[in-house]
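A quick write-up on the structure given underneath.
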Protein chains: 2
Amino acid sequence: MNQKPNESAVDGLPLNTIIDGDCIDVMNTLPENSVDLIFADPPYNLQLKSDLHRPDNSKVDAVDDHWDQFDSFAAYDSFTRNWLKAARRILKPNGAIWVIGSYHNIFRVGTALQDAGYWILNDVVWRKSNPMPNFRGKRFTNAHETMIWASKAEGSKYTFNYEALKAMNEGIQMRSDWVLPICNGHERLKDENGDKAHPTQKPESLLHRVLLGTTNPGDVVLDPFFGTGTTGAVAKMLGRDFIGIEREEAYRKVAQKRIDNLRKYDSDALAVSLSKRAEPRVAFGQLVERGMLRPGEVLTSPRGKEAKVRADGTLVSGEAAGSIHQVGAVLENAPSCNGWSYWNFRRDGKTVSIDLLRQQIRSEMRQRPN
Amino acid sequence: MNQKPNESAVDGLPLNTIIDGDCIDVMNTLPENSVDLIFADPPYNLQLKSDLHRPDNSKVDAVDDHWDQFDSFAAYDSFTRNWLKAARRILKPNGAIWVIGSYHNIFRVGTALQDAGYWILNDVVWRKSNPMPNFRGKRFTNAHETMIWASKAEGSKYTFNYEALKAMNEGIQMRSDWVLPICNGHERLKDENGDKAHPTQKPESLLHRVLLGTTNPGDVVLDPFFGTGTTGAVAKMLGRDFIGIEREEAYRKVAQKRIDNLRKYDSDALAVSLSKRAEPRVAFGQLVERGMLRPGEVLTSPRGKEAKVRADGTLVSGEAAGSIHQVGAVLENAPSCNGWSYWNFRRDGKTVSIDLLRQQIRSEMRQRPN
DNA sequence: TCAACAACTGAATCGGCAC
DNA sequence: CGTGCCGATTCAGTTGTTG
C-alpha cells in the first residue's frame, strides 16, 4: 500500500483497507461524521425465476449468488433501511452518497433514502454503450442503470466540481445521463478458472466521474459493498482515501491484489479546473486605494450607462449610489448584477473591463500571499 | 369526434371523451377489467424554495401550480397508492401501465407500484435532447425523466410489439433509453394570452413510441391526468380509443379542441421529431475516464511541444492550462487549434494521434444508435 | 426573400459568507 | 439563528426583428 493516510481525516479510521464483515456491523464500529463520500452498489434483488437462456440455449451466467435472494420486498426494504441508517451516521454533515441500482431495487432504495432524511441531488442514468441484448424480445433492452446522488441532509454543502466536469465534457455542463461502456476486456477481473471474478463489476470510468465530480483529493470514500474494489482502485489512482467493506473472502483477495498493483497519478495531474468561487475575494475599493482607478473616473456599461467612482469604492449614477453591483442592478432594473463583469473603464483609448484589474490583484496575491 | 367506439371494447365505456372529475372518483365508476393501457403523468411533487433566475437575470417560469403541492412524502404516497389501486382495478388482466416522473416522485411511484402488485417490466429513460440547463452550476443538468412500464401482475401476457419497435429503430432492438426533444415550437399549445397552456405538456413523439410499442389498434388507453391531451391526440392518430380524466376545465377545453382539430400536419411533425437523433459528441475527457489515456500522460505536438493530461480531461503545458484546443492554440500562438488533430501520444514505441481514440468511441456509438 | 441577429424559453427540490 | 450583500451562473432550440 503506497498511499498514506490523509492529514484532515478523522483519527482512528482504517484508511485504505478492506474490512471483513457485514457492512452494517462494520459501519457501526466507525466514528460518526467521519466519511466524505459513500459509494454503494448494493445487491439488486433480481427476480429471475428460472435460469435464463440465450436463443442458442447457452446459459447466461446470471446474478444468482446466494447473497442476492430476498424473500420479499419487506425483507429488502428492511435491509436497505438498516444499511442506509448506518451509512448516514458515519457521513460527515456535508458528506454525500451515491447508490447504484436497476429497476428491481432502485425505487425501494430511493424511497428509503428520502425517508431516512437524505436529500436527493440528482438521479443519474448510466447509459451503457454495449448492454446485453434482450434475448427473448419481450421487453426493451435493459440498457441503463440508475444512480442516486444525495447529500446527508437538505442544505448540506456537498462537494460538486462543476468546472472540472464541464471541462471533461468539452466545455458543456455535465448532464444527468452518462454514456459509458460496461466493464469488460482487460478491465474485467477473472478468477483462477478464467471466469469473471464478480457478477456485477462496475467500470472504472463510472467511478472516475463520480469521484472526480463529487470529492476532493484527500477525501475519505467508503464502499460498503466493496466487491472487487473498483471504488478503491479509482480512489487510489485519484488520490482519495478509501475504506472497503466486503463479506466474501474471494472478493477481498481479488480486490486487494488489484489495488496493490496500482499507482496514484501525479499530483499535478490530479489538479482540476477550479470554479471562480474558489478565487480569493477582492473588494472594488482596493482598485481605488491602489490608484488603479481614480475617484471621479467614469465607468461605462455595455449599453452606454455611466457611473462615477467615489473615493470609498462606491459608484454614483444619477439618483443611484452604492456598490458596483447595486448601481448596475438599479440601472438595468434587474434583481441583481455582477458589477465586475458589467462595468468598464477607458485606458489609452480602449474600453477595458474592471475585472481585468481584479485579475491583476489576484495574480499578485498568488505570488505573494498576504 | 370522428372516431368510433371499438368492437372489442367493454360496453359502457365512455370512449374518446374527456371526463371532468377527480381521477380516483371517475376510475371507480368505470367497469373493472376494461382498459388495455393506462398512461399516467401524475404531479411530480416538486418542492421549489424560491425563484430561480437565468444568468441573464430573466426569471424561470417554474411549475408552481396548486395541483403539484403536497404537504409531505406521506401525503404524496397516500395519493399515489390510492390512484394506483383504482387504476389497477379497471385494467384488463393482461393490461399494462406507464407512469412518468422525475427523481422527486418516481421512487415513491415505483415502490407503490410494486407494493400494489404491479409487475415492473422496464424502466425507460427519456433522455431530453434539449433540456433546461442547471443555471447555478450546482448539480448535473436534469436531462432526463423516468418512465416505469409495468403489467397488472406477474405473469400477465402484456402487449409488446417487438418488431415494430425494432423497425422504428433502424433494425436494432429498442433500448430502455429514448432520445427525444422536449415539447416546444408549434406542438406546444398556447392559451389566449400566448402563454403555454399547460406547464408540463409531453411531446407526441414520446406517446407515439409508448402506444405503438405496447398497444394494438382498437385498444382502450386511459389517461387519469389528461392535461392538454397528448395521450388522446396520439391515440386518435394511431387508431386507439382513449379515455381522458381531467379536473381543470381550462385543460379540458384545450385538449378537446386539439383532438377535434387533428390534421395530417400533426403526423408530419411527429415523423420529423422521431427521426431526430443526437449527434455523437465525444469529449476528450472521455478518453481519460475510460483509461485510454492516463492522467499524467504526456501528449506531443507535431513540432515537439509537450503537455500533460489532467484527470478532468484538461491539459497543462507550462503556464497554459485548458482544453486540448486551448492549450494547442496557446503553444502555437494561434487564434485557434483543433486539438484532435494536433496532439499525439505514445503507444508501444509509436506516435499515435489522439483522434484515433475518438474514432474508437465513435464507432462504438454508431453501432448502437438511439 | 432571406440571412443574420436578438429575444425568449423549458417539470428546477439551483449560494455563501460575514456579521 | 436571521439579515444583508457580494457576485457567480446556461444549452438547444424557436420566434420575431432588422437590414
Side-chain angles (χ1 to χ4, degrees), chain A residues 94 114 118-123 150-151 154-158 160 162-163 166 169-176 275-279 281-285 313 322-326 328-329 334-343 355 358, chain B residues 41-65 67-70 73 76 100-106 126 128-146 181-188 190 194-196 198-203 225 227 273 276 278-279 281:
Chain A
N94 292 328
Q114 291 178 313
Y118 292 94
W119 192 246
I120 298 184
L121 300 166
N122 277 113
D123 59 335
S151 61
E154 184 180 1
S156 290
K157 293 175 192 160
Y158 55 89
F160 184 58
Y162 176 75
E163 292 294 342
K166 188 173 170 179
N169 195 36
E170 294 272 285
I172 293 164
Q173 65 178 208
M174 191 69 79
R175 300 168 38 121
S176 59
S275 164
K276 286 183 194 168
R277 285 182 245 262
E279 295 276 345
R281 199 154 142 164
V282 174
F284 178 74
S323 74
I324 53 173
H325 317 290
Q326 289 167 336
S336 69
C337 172
N338 183 344
W340 289 108
S341 52
Y342 181 74
W343 293 109
D355 199 45
R358 182 170 64 163
Chain B
D41 182 10
Y44 284 13
N45 191 23
L46 301 182
Q47 292 161 35
L48 308 173
K49 292 292 185 298
S50 58
D51 287 345
L52 177 65
H53 293 87
R54 298 185 180 81
D56 65 4
N57 272 325
S58 63
K59 190 180 161 198
V60 175
D61 182 15
V63 178
D64 53 2
D65 305 72
W67 47 256
D68 199 44
Q69 309 296 318
F70 293 84
F73 283 133
Y76 189 80
I100 184 168
S102 67
Y103 67 85
H104 309 86
N105 71 323
I106 198 66
W126 168 28
K128 302 179 186 183
S129 55
N130 49 352
M132 185 159 66
N134 185 292
F135 296 116
R136 289 291 190 137
K138 302 304 293 181
R139 303 182 179 191
F140 298 98
T141 307
N142 222 326
H144 74 276
E145 293 186 27
T146 301
I182 61 174
C183 180
N184 59 12
H186 288 112
E187 191 187 326
R188 188 86 192 205
K190 302 293 194 315
D195 299 324
K196 54 190 176 192
H198 191 281
T200 69
Q201 186 182 339
K202 295 294 175 288
F225 308 98
S273 64
K276 277 186 190 171
E279 282 295 318
R281 170 199 296 275

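Since the structure is predicted, the reported quantities are computational estimates derived from the model, not experimental observations.
For dG7(D) and dG10(C), the C1' atoms lie 26 Å apart once the distance is rounded to whole Å. Rounded to the nearest Å, the gap between the C1' atom of dT9(D) and that of dA12(C) is 14 Å. Taking atom C1' on both nucleotides, dT10(D) is separated from dT9(C) by 12 Å, rounded to a whole Å. Using C1' as the reference atom, dA11(C) and dA8(D) are 25 Å apart when rounded to the nearest Å.
Nearest nucleotide to the side chain of Arg277(A), out of dA8(D), dT9(C), dA12(C): dA8(D). Between dT9(D), dG7(D), dG10(C), one nucleotide has an atom nearer to the side chain of Met132(B) than all others, and that is dG10(C). Of the candidate nucleotides dA12(C), dA11(C), dT9(D), dA12(C) has the atom lying nearest to any side-chain atom of Leu48(B).
Enclosure of atom NZ in Lys59(B) is not indicated, since only 12 or fewer non-hydrogen atoms of other residues, nucleotides or ligands lie within 6.0 angstrom.
Note on Glu279(A): nothing from the nucleic acid sits closer than 4.0 angstrom, heavy atoms only. Leu121(A) comes within 4.0 angstrom of nothing in the nucleic acid, heavy atoms only. Within 4.0 Å (heavy atoms only), Asn122(A) reaches no atom of the nucleic acid at all. When heavy atoms are screened at a 4.0 angstrom cut-off, Pro203(B) is found touching no nucleic acid atom at all. Using a 4.0 Å heavy-atom cutoff across all strands shown, Asn338(A) reaches at least one base atom of the nucleic acid. At the heavy-atom level, Lys166(A) lies under 4.0 Å from the strands shown only through sugar-phosphate atoms. In this structure, Thr200(B) reaches the bases: a heavy-atom distance under 4.0 Å links it to at least one base atom across the strands shown. Among the heavy atoms of the strands, none lies under 4.0 Å from Glu154(A). When heavy atoms are screened at a 4.0 angstrom cut-off, Ile172(A) is found touching the sugar-phosphate backbone but no base atom.
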Item to check | Evaluation steps, side chain to side chain donor-acceptor pair (under 3.5 Å), between His104(B) and Ser102(B) | outcome: CA-CA 5 Å; His104(B) 309 86; Ser102(B) 67; 2.6 Å; yes
Next on the checklist: Pair Glu145(B), Lys128(B) - check salt bridge (Lys or Arg N to Asp or Glu O under 4.0 Å), show working.
Outcome noted: CA-CA 8 Å; Glu145(B) 293 186 27; Lys128(B) 302 179 186 183; 2.8 Å; yes
Next on the checklist: Please determine whether side chain to side chain donor-acceptor pair (under 3.5 Å) holds for the pair Glu163(A) and Ser275(A), giving the CA-CA distance in whole Å, both sets of side-chain angles, and the decisive distance to 0.1 Å.
Outcome noted: CA-CA 6 Å; Glu163(A) 292 294 342; Ser275(A) 164; 5.1 Å; no
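Asp61(B) places its CG atom 14 Å from the P atom of dC8(C), with the value rounded to the nearest Å. Here the P atom of nucleotide dA11(C) and the CD1 atom of Ile182(B) are 5 Å apart, to the nearest Å. Counting to the nearest Å, the C1' atom of dG7(D) and the CD atom of Gln326(A) are 12 Å from each other. For Asp56(B) and dC11(D), the CG to P distance is 13 Å, given to the nearest whole Å. As a whole-Å value, the separation of Phe284(A) CZ from dC5(D) P is 18 Å. Atoms CH2 (Trp340(A)) and P (dC5(D)) sit 18 Å apart, rounded to a whole Å. Taking atom NZ on Lys49(B) and atom P on dC14(C), their separation rounds to 7 Å, with Å as the unit. When rounded to the nearest whole Å, the span between CZ of Arg139(B) and C1' of dA11(C) equals 14 Å.
When the side-chain nitrogen and oxygen atoms of Lys138(B) are compared with OP1 and OP2 of dG16(C), one or more of them lie within a distance under 4.0 Å. Listed pair Arg175(A) / dT10(D) fails the phosphate criterion, with no side-chain N or O lying under 4.0 Å from OP1 or OP2. At the phosphate of dT9(D), OP1 or OP2 sits under 4.0 Å from a side-chain N or O atom of Ser275(A). In this model, the phosphate group of dG15(C) is approached by a side-chain N or O of Arg136(B) to a distance below 4.0 Å at OP1 or OP2. Between Asn130(B) and dC11(D), a side-chain N or O to OP1/OP2 separation shorter than 4.0 Å is absent. Between Ser323(A) and dC6(D) there is a side-chain polar atom (N or O) within less than 4.0 angstrom of OP1 or OP2. Not one side-chain nitrogen or oxygen of His325(A) sits closer than 4.0 Å to the OP1 or OP2 atom of dC6(D). Phosphate proximity of dT10(D) to Tyr162(A): present, with a side-chain N or O under 4.0 Å from OP1 or OP2. At dT9(C), none of the side-chain N or O atoms of Lys196(B) fall inside 4.0 Å of OP1 or OP2 (strictly under the cut-off). Dashed line: the shortest gap from a side-chain N or O of Arg281(A) to OP1 or OP2 of dG7(D) is under 4.0 Å.
Donor-acceptor pairing under 3.5 Å is lacking for the side chains of Asn94(A) and Tyr158(A).
Looking at Asn134(B) and Phe140(B), their side chains never come closer than 4.5 Å, going by heavy atoms from C-beta outward.
For dG10(C), its base sits under 3.5 Å from the side chain of Arg54(B) at one donor and acceptor pair at least. Judged by distance alone with a 3.5 Å cut-off, no donor-acceptor contact links the side chain of Ser102(B) to the base of dA12(C).
A salt bridge does not link Asp195(B) to Lys190(B): none of the charged side-chain nitrogens sits closer than 4.0 Å to a carboxylate oxygen.
The partner of dG7(D) cannot be assigned: no Watson-Crick or G-U wobble pair with both contacts below 3.5 Å exists in any strand.
Less than 6.0 angstrom separates the ring centroid of His198(B) from the ring centroid of Trp67(B).
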